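For reference, the structure discussed in these notes is given below.
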Amino acid sequence: MPDVTDLITDLTAATEQMQQAASGEDWAMVEKIQKRRSALVTRIIEDAGAATLTEEDAGRLSAVRAQEAFIASRAAARQQTLGKMLMETQAVTSMERPDRMRKAYGILDR
């Protein structure tokens, strides 16, 4: 059974992979890695309750949190961009609708 230090090492590696996937806009991979990380975090929390963390482990967890903040900011930027694109698409569609209706019913502009 791995100890807390081994689990933190695995979490650090998974978080680095997740950051690379987020940088490459591979959000399906980010989601997959996040599921694995979730299990690691749960085990770390359970095991760390019985033991005290070393300064090195605490520092590594702090670095993981910084990487998570980077990933979260990338995800938020992506969500904002997708929302803007969706709104632009809806605006274009609503502008085109009357023209299509006129054409369908043979109504010409005067």
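Nothing fancy with the numbering, it's 1 onward along the sequence. Owing to the predicted nature of the structure, the values given are computational and were not obtained by experimental measurement. Values below: every heavy atom of this structure, side chains too, minus hydrogens, waters and symmetry copies.
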Can you name the side-chain contact (heavy atoms from CB on, under 4.5 Å) partners of Glu25, sequence neighbours left out?
-> Trp27, Arg74, Arg78

To the nearest 0.5 angstrom, please state how far the CD atom of Gln17 sits from the OG1 atom of Thr12.
-> 11.5 Å

Quick one: are Lys84 and Thr81 in side-chain contact, heavy atoms under 4.5 Å?
-> no

Between the CD1 atom in Ile8 and the OG1 atom in Thr54, the distance rounded to the nearest 0.5 Å is 7.0 Å

Side-chain touch Leu11/Leu7, heavy atoms, less than 4.5 angstrom = no

Mind listing the closest non-hydrogen atom pair of Thr5 and Arg60 along with its distance?
-> O-NH2, 3.5 Å

If you look at every heavy atom in Ala21 and Val30, which pair is closest and at what distance?
-> CB-CG2, 3.7 Å

Could you pull out every donor-acceptor pair under 3.5 Å between side chains of residues 61-68 and any protein atom, sequence neighbours left out?
unit_1	atom_1	unit_2	atom_2	d
Gln67	NE2	Gln19	OE1	3.0
Glu68	OE2	Arg37	NH2	2.2

Between CD1 on residue Ile45 and CG on residue Leu40, distance to nearest 0.5 Å | 11.0 Å

Output for pair (Arg36 CZ, Gln34 CD), nearest 0.5 Å, gives 10.5 Å

Closest contact, heavy atoms only, Ile33 versus Ala14 = CG2-O, 3.3 Å

